[in-house]
*Asks:* 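Sharing a structure with you now.
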Amino acid sequence: MTPCFALVDCNNFYASCERLFRPDLRGRPIVVLSNNDGCIVARSAEAKALGIRMAVPLFEVQEQLLHENVQVFSSNYALYGDISARVMNILQQMVADIEVYSIDEAFLDLNSIDSASSLEVFGIQIKQRIQSWVGISVSVGIAPTKTLAKLANNAAKRYRKTAGVVDLTSQQRQEKLLNITPVKDVWGIGSRLAKQLNNVGIDTALQLARSQPGWIRQQFSISVERTVRELNGLSCIDMESSPPAKKQILCSRTFGVRVTDYKDIHAALCKHCERAAEKLREQGKQARAVSIFIKTSPFNPNASYYRESASCILDTPSHDTRDITQAAIQLLKTIYKEDLLYMKAGVMLADFYESGTFQTTLWDKPSSFRNSTALMQAIDKINKSGKGHICFAGQQRSNDWKMKQEKLSPAYTTRWSDIPSIR
DNA sequence: TCTGGGGTCCTAGGACCC
DNA sequence: TCTGGGGTCCTAGGACCC
């Protein structure tokens, strides 16, 4: 049986979430900013129509936003995460197997659905149900491979006539769409590859599909070869129903303001270690490799760019926040330089082990902390309860370095005090 | 003044082994 | 004169995704 995938993708997701509890914003342009209010990461249809580009720094368009009366929001992940969970929940009820691909999109395995109705009708059902149960509008692309389903979804978004659902199972329709799709719009082809492909005369998705897979592999990589095959309807990228175990965990943030003091960077790093260790424990893993980095702004013309990282291997893997923090701070001491304006710091964990599976040698030192597991479990439980937050002292009180979020909307669906009331 | 965060995969090259 | 062959592991860097 030929496989069949659907890609369901929310339209202008962050902007749609912001509008969900603000009916007064219907029809008005909205943009959502990245962490730290730095760049534009989402735009409503109206904002797109004004020509506001994706990923542009806020300061470059500030005047235009003001002039066009665009509503600006900081990222509100509590809200987006909750709305996303509701959408995914509905999809899970409609098919046997889904892969949550990102916060606003999921692949569906359509082989299991009742073949009595057409695929397109099923797509329309998905769209209508999410619209009426959650209030979010989605687009649906259906095809025999994930890469084609992505393209079908783009078409569903782009062409009004499709009403938001495109069934691309017919080969004839595939060719028609590939022919009018620039190669840069193909999933897996980024700007660099697009340029290289253009240089050898491949401008459209159809031209890429018609090229020799072996030659493509030789010239580019096995990933691009896979893309060629997928464009021809041969499924090479399977569903991943449960997310694969992480191989690394990264926590980093740009500071709200530039910082110079060691104590501020120390505090930020402690916070990042706490979150990284928490994520590690969620995976049920222990890490052996710890690395950190600090950097100044690459955009400052008056100072040279400083970026340094350092890493170490723990004697025995650990999931104890204290082990990880201790290692990180030791590393920080080796790369911190005075009198620089730091922009960002982060910590990365890697080399993961299941608890208790690591073979120690006679001379390895175990974690210096006893009762680690029970203590960490207790901390995680308290921090997830919503009743309070326990942290280690290294984070200090200073807030100088914390993220800028000046336009944050309420956590409408996840905090009691923020629930909208109707008068 | 001001430029996000968190990931994955692939390849090449060096070190090292027998 | 002549300097093997086959392999693993690790790391850095490049590319991609949302």
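Computed from a predicted model, the values in this text were never measured in an experiment.
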*Asks:* When the distance from CD1 of A/Ile40 to P of B/dT3 is rounded to whole Å, what number comes out?
*Replies:* 14 Å
*Asks:* If I take atom CD1 in residue A/Ile249 and atom P in nucleotide B/dG6, what distance separates them, rounded to the nearest angstrom?
*Replies:* 11 Å
*Asks:* Contact class for A/Lys404 vs. all strands (heavy atom < 4.0 Å): base, sugar-phosphate, or nothing?
*Replies:*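 If one applies the 4.0 Å heavy-atom cut-off, A/Lys404 turns out to touch nothing in the nucleic acid.
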*Asks:* Can you tell which of A/Asp380, A/Thr373, A/Asp320 makes a side-chain hydrogen bond (donor to acceptor under 3.5 Å, both in side chains) with A/Arg281?
*Replies:*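 When A/Asp380, A/Thr373, A/Asp320 are each tested with A/Arg281, the side-chain hydrogen bond (donor to acceptor under 3.5 Å, both in side chains) holds only for A/Asp380.
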*Asks:* Taking any heavy-atom pair under 4.0 Å as a contact, classify A/Leu33: base, sugar-phosphate, or nothing.
*Replies:* nothing
*Asks:* Give one of base, sugar-phosphate or nothing for A/Ile103, where a contact means two heavy atoms less than 4.0 Å apart.
*Replies:* nothing
*Asks:* Using the C1' atom on both, measure C/dG4 against B/dC16 and round to a whole Å.
*Replies:*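 Approximately 16 Å lies between the C1' atom of C/dG4 and that of B/dC16.
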*Asks:* Send over the distance from A/Glu406 CD to B/dG4 P, rounded to a whole Å.
*Replies:*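 Spelled out: CD on A/Glu406 to P on B/dG4 is 16 Å.
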*Asks:* Which of these nucleotides, C/dA15, B/dG4, B/dG7, is closest to any side-chain atom of A/Leu250?
*Replies:* B/dG7
*Asks:* At 4.0 Å (heavy atoms only), tell me whether A/Lys195 reaches a base, stays on the sugar-phosphate, or touches nothing.
*Replies:* nothing
*Asks:* Look at all strands and tell whether A/Asp104 reaches a base, only sugar-phosphate, or nothing, counting heavy atoms closer than 4.0 Å.
*Replies:* sugar-phosphate
*Asks:* What pair of heavy atoms forms the shortest contact from A/Val87 to A/Cys10, and how long is it?
*Replies:*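 Nearest heavy atoms, A/Val87 then A/Cys10: CG1-SG, 4.3 Å.
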*Asks:* Quick one: label A/Gln62 by what it contacts on the DNA or RNA (base, sugar-phosphate, nothing), any heavy atom closer than 4.0 Å.
*Replies:* nothing
*Asks:* Of the nucleotides C/dA15, B/dG6, B/dG4, which has the atom closest to the A/Arg275 side chain?
*Replies:*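 Closest nucleotide to the A/Arg275 side chain: B/dG6.
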*Asks:* Whom does B/dC18 pair with, Watson-Crick or G-U wobble, provided both distances fall under 3.5 Å?
*Replies:*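 WC or wobble partner is C/dG5.
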*Asks:* Would you indicate what A/Ser75 reaches in the nucleic acid, counting non-hydrogen atoms under 4.0 angstrom: base, sugar-phosphate, or nothing?
*Replies:*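 Counting heavy atoms under 4.0 Å across all strands, no contact is made by A/Ser75.
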*Asks:* Given C/dC16, C/dC18, B/dT3, identify the nucleotide with an atom nearest to the side chain of A/Glu105.
*Replies:* C/dC18
*Asks:* Of the candidate nucleotides C/dC16, C/dC18, B/dC10, which contains the atom at the shortest distance from the side chain of A/Ser102?
*Replies:* C/dC18
*Asks:* With a 4.0 Å limit, can you tell me whether A/Arg258 has a side-chain N or O closer than that to the phosphate oxygens OP1/OP2 of B/dT1?
*Replies:*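 False: A/Arg258 side-chain N/O out of range (4.0 Å or more) of B/dT1 OP1/OP2.
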*Asks:* Will you find, in the side chains of A/Thr413 and A/Asp82, an N or O donor that is under 3.5 Å from an N or O acceptor?
*Replies:* yes
*Asks:* Could you pick out which residue, A/Lys279 or A/Glu60, lies toward the 5' side of DNA chain B when each is mapped onto its nearest nucleotide?
*Replies:*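 Upstream on the strand: A/Glu60.
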*Asks:* A/Lys246 side chain: which of C/dC16, B/dC10, B/dT8 is closest?
*Replies:* B/dT8
*Asks:* May A/Tyr101 be described as stacking on the base of C/dC18, applying a 5.5 Å centroid limit and a 30° limit on plane angle?
*Replies:*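 One would not call A/Tyr101 stacked on the C/dC18 base.
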*Asks:* Is A/Ser252 close enough to B/dG6 that one of its side-chain N or O atoms is under 4.0 Å from OP1 or OP2 there?
*Replies:* yes
*Asks:* Taking atom P of B/dT3 as reference, at what distance in whole Å does atom CE of A/Met343 sit?
*Replies:*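 Nearest whole value for this atom pair: 7 Å.
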*Asks:* Roughly, in whole Å, what's the span from CG in A/Asn12 to P in C/dC18?
*Replies:*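 Atom-to-atom, A/Asn12 to C/dC18, this comes out as 15 Å.
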*Asks:* Which residue, A/Thr254 or A/Arg226, contacts DNA chain B at a nucleotide closer to its 5' end, judged by nearest heavy atom?
*Replies:*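 Closest to the 5' end, via its nearest nucleotide, is A/Thr254.
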*Asks:* Rounded off to whole Å, could you give me the CE-to-P distance for the A/Met403 and B/dT3 pair?
*Replies:*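 After rounding, the gap between these two atoms is 14 Å.
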*Asks:* Using OP1 and OP2 only, check whether a side-chain N or O of A/Lys344 sits under 4.0 Å from B/dG5.
*Replies:* yes
*Asks:* If only atom types and distance count, is the side chain of A/Tyr336 paired as donor or acceptor with the main-chain N or O of A/Leu332 below 3.5 Å?
*Replies:* no
*Asks:* If we count only N and O atoms by modelled type, under 3.5 Å, do the side chains of A/Gln405 and A/Ser74 hold a donor and an acceptor together?
*Replies:*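 No, no side-chain donor-acceptor pair sits under 3.5 Å.
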*Asks:* Taking the cut-offs as 6.0 angstrom to the six-membered ring centre and 45 degrees off its axis, would you call A/Lys146 and A/Phe107 a cation-pi pair?
*Replies:* yes
*Asks:* For A/Asn35, which contact category applies under a 4.0 Å heavy-atom criterion: base, sugar-phosphate, or nothing?
*Replies:*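 Sugar-phosphate contact only.
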*Asks:* Is atom CZ of A/Arg192 surrounded by more than 12 heavy atoms (other residues, nucleotides or ligands) closer than 6.0 Å?
*Replies:* no
*Asks:* Is the distance from OP1 or OP2 of C/dA15 to the nearest side-chain N or O of A/Lys184 less than 4.0 Å?
*Replies:* no
*Asks:* Without decimals, in angstroms, what is the distance between A/Lys247 NZ and B/dC10 P?
*Replies:* 9 Å
*Asks:* Rounded to whole angstroms, how far apart are CD1 on A/Ile237 and P on C/dC18?
*Replies:* 12 Å
